[in-house]
Engineer: 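Before anything else, here's the structure in question.
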2 protein chains.
Amino acid sequence: MKKLAGTAAKPLTSRQLAALIGVSQSAVSRAFTPGSSIAPDLRARILSGARNYGYQPNAIASMLTTRRTNIVGIVVSDMQNPFYPTLIERLTQGLQRAGLQSLLFNISPGSSVEDQLVALRTYNVDAVVVISATVLNAKTLAWATEGRKAVLLNRLGSDDITSICCDNTDGARMIVDHLFAVGHRRIGYVAGLTKTAIGMLRYSAFSARLAELGMRLVGTASSESYSYDAGWRGALDLLPQAPDAIVFASDILALGGLDALQRVGAAGIGATGFDDIPMAAWPGYSLTTYRQPIAAIVERTVELLRRPDLGPAQLFTLKGELIIRESSQVGGMAPA
Amino acid sequence: MKKLAGTAAKPLTSRQLAALIGVSQSAVSRAFTPGSSIAPDLRARILSGARNYGYQPNAIASMLTTRRTNIVGIVVSDMQNPFYPTLIERLTQGLQRAGLQSLLFNISPGSSVEDQLVALRTYNVDAVVVISATVLNAKTLAWATEGRKAVLLNRLGSDDITSICCDNTDGARMIVDHLFAVGHRRIGYVAGLTKTAIGMLRYSAFSARLAELGMRLVGTASSESYSYDAGWRGALDLLPQAPDAIVFASDILALGGLDALQRVGAAGIGATGFDDIPMAAWPGYSLTTYRQPIAAIVERTVELLRRPDLGPAQLFTLKGELIIRESSQVGGMAPA
DNA sequence: ATCATTTTTGAATACGCATTCATAGCCTTG
DNA sequence: CAAGGCTATGAATGCGTATTCAAAAATGAT
């Protein structure tokens, strides 16, 4: 005799538990509300009774009175770049440890972005984390985050919204310095989305440092996305310029580029990425890259979202770490 | 003068809107409830007024009365295997189109799994989708899904819970048949988690078909996870057996295996995967694999979850598609 | 034109909890 | 020992919507 879904007994209410224990409903509520005025032993008695009878507060009902949901809306538009699944995984775990839930919004192109985000508003999420979603224009962003905490990750917004980014300038600089130290002089650049603030930032930091060191920017390929294919094409586009090394705006681009170089027998050209996705460490790629400080980004995000109020909008820039592997050496990934 | 977060005016309630329009609160509620008894023109007038004044029903409040949240809890324990981000992305998009929201639970090892899933219960999710989470034992699974709809993806549970899987038997068979047709005879197998039902299923279907065709299973390497590193080690373990080709239980294993073979100069050995993750198509790997029918899986899942009741537990087995690339040819990925 | 039936509407209530308000108990201090 | 100040508790109320119930309006049939 199997139990049919939906047949389960309705869960206990605080009032029922109160009756069972012989206290008031208020007492039960207070027992579960940290910092409320209740005698320690009463609280203990109630909590123990709750465990006993299997009572758990109904979060929905409490949302209605407190007007807080403890839900964070996470808005993503690209899970194909392997950097983001990792970030999302760590972020949801971090939020969860802080007692916050993650409502995931995957924006798909096509239908209206606002339509896909109405639930941010109707479900009253406390906060919104936007992960690098370039499909959100400033207006939609403002609408979606209106009246709630909002944080942008890996994206720069207007100056009235808090952003958390890795230090792109530092990253670009470390990469260039490293290439210089290794002996590369003629550098090519494969950009990601050049229309984004982050994309432009990485590029300008990169080219500025290049100039400072007197290195030569032999060419730039811009691509329409951060993808393997775009990296592949970008690398090939730069070949005629005969670069010593190619700087890719992200790891996923670099992987495509490396494969392309290999395919055309130009594996001697150096390459660097940005992010340090798991695949960058794979022996077949062994990609030198700037590792994004995921832990720090998550930590800062969670810390901000725990606050009752974010305070004035800020830009947090967190330093990453240069991971030197084989792809950037002179001779690149050429077989020994 | 920037608006501070939290300063936003409280959204309109149905009662306020009713007052503005000159109807009752019930009418407003009915206007937003499909199938409720209300005159078409009244509904139109109210909906137009709502648009006008910017009223949107408060989902939280309606959850309290209807006892339905339209929230689906998605439980994952491994986003590192690139197959899952894709699945999750498509799934949340599919759910969203059906008006369902996705609450994401990323189980991290360490603290109690139940603790990480309490919100499934306190937030009253309508349904739970468990994606291949092996960390959930049957008891915890029952607890987490008690009284709500539940679907397992890529995982087999006890027989009282609905599962949706690709057709592992068909996949194993097509792979073996293909290897046979191409001319491979001595086959090695790199298993994933052999203790899981799916893992065992794939293996037994594989070896059964092998036997039917009179091919030789020269060795099996079992690994502790579906990961690149495990595939790498598995492939190396099989080398002494001198297989013509190695069948990997998943793409991510195969990628590691291919790199290992390449590294030791054994790139002539054929290889196949399972899943068809994006990287399988990359020229550097060009992995022959069985493509999971993600669209069909998502479609079926969403269709099930829209129902008021799942009905009796079933196992849905959806056929995938053999994608033939270079890695399975005789001579494998060896340079021409 | 009248009555029976159906449809449409509004008032009232319940959902489960947090919180305010008022009270009863307790401790402190003069 | 009394008065004042605190703390711990319970009763009552409200959060915003869906739904039930009863009444009103509209429709149909004779």
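Chain letters run A, B, ... following the sequence lines, proteins first and then strands; every chain starts at 1. None of the values given here were measured: they were computed from a predicted structure.
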Engineer: Would you please test A/Tyr226 and A/Asp78 for side chain to side chain donor-acceptor pair (under 3.5 Å) and show each step?
Structural biologist: CA-CA 10 Å; A/Tyr226 289 98; A/Asp78 175 22; over 6 Å; no
Engineer: So, the side chain of A/Arg155 versus the backbone of A/Ala133: is there a donor-acceptor pair under 3.5 Å, distance only?
Structural biologist: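 Answer holds: yes.
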Engineer: Under 3.5 Å, which donor-acceptor pairs do the side chains of residues 95-111 of chain A form with other protein atoms, sequence neighbours left out?
Structural biologist:
| residue | atom | partner | partner atom | Å |
| --- | --- | --- | --- | --- |
| A/Gln96 | NE2 | B/Gln116 | O | 3.3 |
| A/Asn106 | ND2 | B/Thr92 | OG1 | 3.0 |
| A/Ser108 | OG | A/Gln116 | OE1 | 3.3 |

Engineer: Indicate, with a heavy-atom threshold strictly under 4.0 Å, whether B/Ser26 touches base, sugar-phosphate, or nothing.
Structural biologist: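 It contacts base atoms.
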Engineer: Among D/dA11, D/dG14, D/dT19, which is the nearest nucleotide to the side chain of A/Thr65?
Structural biologist: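 Of all the options, the side chain of A/Thr65 is nearest to D/dG14.
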Engineer: Tell me the interatomic distance from B/Gln16, atom CD, to D/dG16, atom P, rounded to whole angstroms.
Structural biologist: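 Computing the B/Gln16:CD to D/dG16:P distance gives 8 Å.
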Engineer: When you measure from the side-chain N and O atoms of A/Ser37 to the phosphate of D/dA8, is any distance below 4.0 Å, counting only OP1 and OP2?
Structural biologist: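 So the side chain of A/Ser37 is within the cut-off, an N or O lying under 4.0 Å from OP1 or OP2 of D/dA8.
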Engineer: Quickly work out the B/Arg30 CZ to D/dA18 C1' distance and round it to whole Å.
Structural biologist: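 Taking CZ of B/Arg30 and C1' of D/dA18, I get 9 Å after rounding.
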Engineer: Given atom CZ of B/Arg15 and atom C1' of D/dA18, what is their separation to the nearest angstrom?
Structural biologist: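 So the two atoms are 12 Å apart, to the nearest Å.
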Engineer: Tell me the closest heavy-atom pair linking B/Cys165 and B/Leu156, and the distance in Å.
Structural biologist: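 Between these two residues, the closest heavy atoms are SG-CD2, 3.7 Å.
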Engineer: When the distance from CZ of B/Arg68 to C1' of D/dT17 is rounded to whole Å, what number comes out?
Structural biologist: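 Distance, rounded to whole Å: 13 Å.
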Engineer: To the nearest Å, give me how far apart CD (A/Gln25) and P (D/dG14) are.
Structural biologist: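 Nearest whole value for this atom pair: 15 Å.
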Engineer: Between D/dG16 atom P and B/Leu20 atom CG, what is the distance in whole Å?
Structural biologist: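 Interatomic distance, CG of B/Leu20 to P of D/dG16: 15 Å.
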Engineer: Walking along DNA chain C from 5' to 3', note the first and the last nucleotide with an atom under 4.0 Å from a heavy atom of chain B, and give both.
Structural biologist: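 Terminal contacting nucleotides, 5' to 3': C/dT8 to C/dG16.
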Engineer: Let me know the distance between CZ of A/Arg67 and P of D/dC15, rounded to the nearest Å.
Structural biologist: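 After rounding, the gap between these two atoms is 8 Å.
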Engineer: Starting from the 5' end of DNA chain D, give me the residue, B/Thr13 or A/Ala39, whose nearest nucleotide shows up first.
Structural biologist: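 The residue closer to the strand's 5' end, by nearest nucleotide, is A/Ala39.
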Engineer: Which heavy atom of A/Arg30 sits nearest a heavy atom of A/Arg43, and at what distance?
Structural biologist: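 Here A/Arg30 and A/Arg43 meet closest at O-NH2, 3.0 Å.
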Engineer: Please tell me which of B/Gly22 and B/Ala61 maps to the more 5' nucleotide of DNA chain C, matching each residue to the nucleotide holding its nearest heavy atom.
Structural biologist: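 The answer here is B/Gly22.
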Engineer: Separation of A/Ile21 atom CD1 from D/dG10 atom C1', in whole Å?
Structural biologist: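 These atoms are roughly 15 Å apart.
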Engineer: Can you figure out which of D/dG16, D/dT9, D/dT19 approaches the side chain of B/Leu64 most closely?
Structural biologist: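 The nucleotide sitting nearest to the side chain is D/dG16.
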Engineer: Where the side chain of B/Thr69 meets the backbone of B/Asn124, is there a donor-acceptor pair that is under 3.5 Å apart?
Structural biologist: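 Yes.
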Engineer: Do A/Arg300 side-chain atoms and A/Ile164 backbone N/O form a donor-acceptor pair below 3.5 Å?
Structural biologist: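 No, the answer is negative, given that no donor and acceptor are paired below the 3.5 Å cut-off.
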